[in-house]
Amino acid sequence: MFHEEKRDFRRMQIHTPAKLIPLDAVNGEEIQVTCTDLSATGLAIHLDEVLEIGSLYRVLIASTSTAITSFDATARVIRATKEQDGSLSAGLEIVNFN
């Protein structure tokens, strides 16, 4: 049966390194993650530590081309889960592009 995507924006399946920089005053440590899914309104990541729902991060994904600018956005954690294999994943909603 045909499955129609119900989202307003298409998602790109990717597998690329990204950095999360917390926007709170308590923790300034960069977090290295892998971005697995990207759309105009959000992204999915795999990571090694738990993120708090509602927390804000600056998300940086370096471009591999001089013709394309690097990805730089502020995003809010809207989902954080532990997968069956024990890995951690999170979904972030893009608040604005920097």
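Throughout, residue positions are numbered sequentially from 1 according to the sequence presented. Side chains included, hydrogens not; waters and symmetry mates left out as well; all remaining heavy atoms used.
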Interatomic spacing from CG in Asp37 to CD1 in Ile45 - rounded to 0.5 Å: 11.5 Å

Co-membership, hydrophobic cluster, residues Ile14 and Tyr57, 4.5 Å side-chain: yes

Side chain to side chain, Thr41 and Ile94, heavy atoms closer than 4.5 Å: no

Flag side-chain contact, heavy atom, 4.5 Å: Ile31 against Leu51: yes

Residues that Glu52 engages under side-chain contact (heavy atoms from CB on, under 4.5 Å), provided they are two or more places apart: Ser55

Pairs flagged by salt bridge (Lys or Arg N to Asp or Glu O under 4.0 Å) wherever residues 53-82 is involved - sequence neighbours left out: Arg58-Asp72, Arg76-Glu93

Spatial distance of atom CG (Asp48) from atom OG1 (Thr34) [nearest 0.5 Å]: 8.5 Å

Ile53 with Val59, same ILVMFWY side-chain cluster at under 4.5 Å: no

Distance in Å, Glu49 CD paired with Leu88 CG, rounded so as to fall on 0.5 Å steps: 9.0 Å

Residue list, side-chain contact (heavy atoms from CB on, under 4.5 Å) with Ser63, at least two apart or on another chain: Ser65, Ile68, Ser70

Summary of ring-ring contact (aromatic ring centres under 6.0 Å, His included) pairs that have at least one residue in residues 62-98, sequence neighbours excluded: Phe71-Phe97

All side-chain hydrogen bond (donor to acceptor under 3.5 Å, both in side chains) counterparts of Thr74, not counting sequence neighbours: Asn98

Distance in Å, Gln32 CD paired with Leu47 CG, rounded so as to fall on 0.5 Å steps: 11.0 Å

Results of side-chain contact (heavy atoms from CB on, under 4.5 Å) for Glu83 - residues two or more places apart only: Thr81, Asp85, Ser87, Ser89

Shortest non-hydrogen contact between Thr16 and Ile61, atoms and distance: CG2-CG2, 3.9 Å

